[in-house]
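A short write-up of the structure that comes next.
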Amino acid sequence: GLPAFPTTNLRFYDLREPVANVRLAQVIGLSALITDLGKSSWVLIPSGVALLAILAVGLPVRRFADKLALALAARLAFVVIAVAGSGLIVTIVKRIIARGRPYYFEQFGALHFQFPSWHSSYASFPSGHSQTIFAAALAFGFLFPRLRGYLIALAVIIAFSRIGVNAHYFTDVVVGGLWGAWFTLMTREWFARRGLVFSPGLSRRPFAMPWRRAAEGTRAVLTRLKP
């Protein structure tokens with residue numbers, strides 16, 4: 001009979017099922033379009049640059065605008081620490097575990113390891129994209145509670161796109177996402193206990209932030225960068 005081979009650990013591509021193949025191709029195509037949204041550079045570069053710029057000119061605090069800019073900087077620092085901190089640990093762990101990616105499935109099976117390895121083809125577990133998108137979704141979700149549900153739903157879609165492009169197994173995605181979410185939760189706890197960004201009360205809600213005035217204050221502070 002005609003061969004069937006796994007494209008992911010969840011679905012099988014079967015040459016005998018043309019309709020299923022078309023649908024699978026659509027899933028893979030959509031996954032390829034959105035999967036790069038899980039790259040940490042989308043979050044870390046703009047957040048990091050803005051944070052460094054504010055810190056470079058925001059001290060010492062002289063005016064109310066300076067206080068607003070520093071409050072914004074604290075929120076940016078929370079996001080950067082949550083995403084970069086969890087990402088650094090995932091990068092180290094996945095190189096030590098060195099699980100082969102799904103395209104080695106037919107040859108070696110799902111439990112194929114070559115530890116330690118710094119080759120990208122042996123960096124399957126856990127998923128760095130899943131860690132990044134869940135850390136970012138929770139970080140912004142904690143800062144903007146009304147958007148949390150939408151951000152988590154988006155994170156799930158982007159994380160599972162890693163299966164659609166045959167880059168990760170289901171377990172890679174789940175563990176990466178859980179780690180990013182847990183690290184972000186612990187980062188919020190650290191900030192809240194020190195009265196930074198979040199209330200130290202049980203709700204751990206973010207302190208009220210006049211975003212329009214904060215943006216105006218930040219622009220005023222950043223004008224000091226001009227020669």
Completion exercise
Closest heavy-atom pair, Gly141 versus Leu151, reported as atoms and distance to 0.1 Å, is N-CD1, 3.6 Å
Problem - Sequence neighbours excluded, every pair satisfying salt bridge (Lys or Arg N to Asp or Glu O under 4.0 Å) that has a member inside residues 168-181 - result: Arg99-Asp172
Handout entry: Shared hydrophobic cluster for Val49 and Ile81 (ILVMFWY, side-chain gaps under 4.5 Å)
Key = no
Exercise for the section: Identify, with sequence neighbours excluded, every residue that meets side chain to side chain contact (heavy atoms under 4.5 Å, CB included) alongside Leu52. Expected result: none
Problem - Transitive ILVMFWY side-chain link Val175 to Leu111, under 4.5 Å - result: yes
Completion exercise
The reported gap from CD1 in Ile157 to CD1 in Ile152 (rounded to nearest 0.5 angstrom) is 12.5 Å
Distance-only donor-acceptor pairs under 3.5 Å for side chains of residues 130-140, two or more places apart:
unit_1, atom_1, unit_2, atom_2, d
Ser130, OG, Ser127, OG, 3.0
Gln131, NE2, Val83, O, 3.2
Gln131, NE2, Ser86, OG, 2.9
Thr132, OG1, Gly128, O, 3.0

Practice task
With side-chain contact (heavy atoms from CB on, under 4.5 Å) as the test, would you mind laying out the steps for Trp179 and Val93 before giving the verdict?
Solution key: CA-CA 12 Å; Trp179 167 250; Val93 169; over 6 Å; no
Practice task
Using atom types as modelled and distance alone, determine if a side-chain donor or acceptor of Lys94 lies under 3.5 Å from a backbone N or O of Phe125.
Solution key: no
Problem - Other ILVMFWY residues reachable from Ile92 by side-chain steps of under 4.5 Å - result: Leu88, Ile96
Handout entry: Pairwise salt bridge (Lys or Arg N to Asp or Glu O under 4.0 Å) hits with a residue in residues 123-136, at least two apart
Key = none
Practice task
Only pairs at least two apart or in different chains count here, so list each side chain to side chain donor-acceptor pair (under 3.5 Å) that has a residue in residues 36-51.
Solution key: none
Practice task
Starting at CD1 of Ile163, measure out to OG1 of Thr171 and round the result to the nearest 0.5 Å.
Solution key: 8.5 Å
Exercise for the section: Indicate yes or no for a side-chain donor-acceptor contact from His168 to the backbone of Ser124 under 3.5 Å, with no hydrogens or angles considered. Expected result: yes
Problem - Check: Ser117 main-chain N/O paired with Arg95 side-chain donor or acceptor under 3.5 Å - result: no
Problem - Thr35 side chain reached by Ile158 side chain, heavy atoms, under 4.5 Å - result: no
Exercise for the section: Indicate, with yes or no, if Ile89 and Met186 share a hydrophobic cluster defined by side-chain heavy-atom contacts under 4.5 Å among Ile, Leu, Val, Met, Phe, Trp and Tyr. Expected result: yes
Exercise for the section: Mind checking ring pair (Phe, Tyr, Trp, His ring centres under 6.0 Å) for Trp190 and listing every partner two or more places apart, or none if nothing turns up? Expected result: none
Completion exercise
Shortest non-hydrogen pair, Val80 vs Gly48, comes out as CG2-N, 4.1 Å
Completion exercise
For Val197, the side chain to side chain contact (heavy atoms under 4.5 Å, CB included) test, sequence neighbours excluded, returns Ala74, Arg75, Leu143, Phe191
Practice task
With ring pair (Phe, Tyr, Trp, His ring centres under 6.0 Å) as the test, would you mind laying out the steps for Tyr122 and Phe115 before giving the verdict?
Solution key: CA-CA 8 Å; Tyr122 285 92; Phe115 37 84; over 10 Å; no
Practice task
Could you note down all residue pairs passing salt bridge (Lys or Arg N to Asp or Glu O under 4.0 Å) where residues 144-162 supplies at least one of them, sequence neighbours left out?
Solution key: none
Completion exercise
side chain to side chain donor-acceptor pair (under 3.5 Å) filter on Ser121, not counting sequence neighbours, yields Tyr104, His119
Exercise for the section: Find out if a path of hydrophobic residues (ILVMFWY) with successive side-chain heavy-atom gaps under 4.5 Å connects Phe113 to Tyr103. Expected result: no
Practice task
Could you pull out all residues at least two apart from Phe144 that satisfy ring pair (Phe, Tyr, Trp, His ring centres under 6.0 Å)?
Solution key: Trp211
Problem - Shortest non-hydrogen contact from Ala82 toward Thr187 - result: CA-OG1, 4.1 Å
Practice task
Spell out, yes or no, whether Leu37 and Ile45 are grouped together once hydrophobic residues are joined by side-chain heavy atoms under 4.5 Å, including indirect joins.
Solution key: no
Problem - Pairs flagged by salt bridge (Lys or Arg N to Asp or Glu O under 4.0 Å) wherever residues 173-192 is involved - sequence neighbours left out - result: Glu189-Arg204
Problem - CA sep, side-chain torsions, deciding dist, call: Phe198, Phe78, ring pair (Phe, Tyr, Trp, His ring centres under 6.0 Å) - result: CA-CA 10 Å; Phe198 301 99; Phe78 166 68; 4.9 Å; yes
Exercise for the section: Return yes when atom OH of Tyr150 has more than 12 non-hydrogen atoms of other residues, nucleotides or ligands closer than 6.0 Å, and no otherwise. Expected result: no
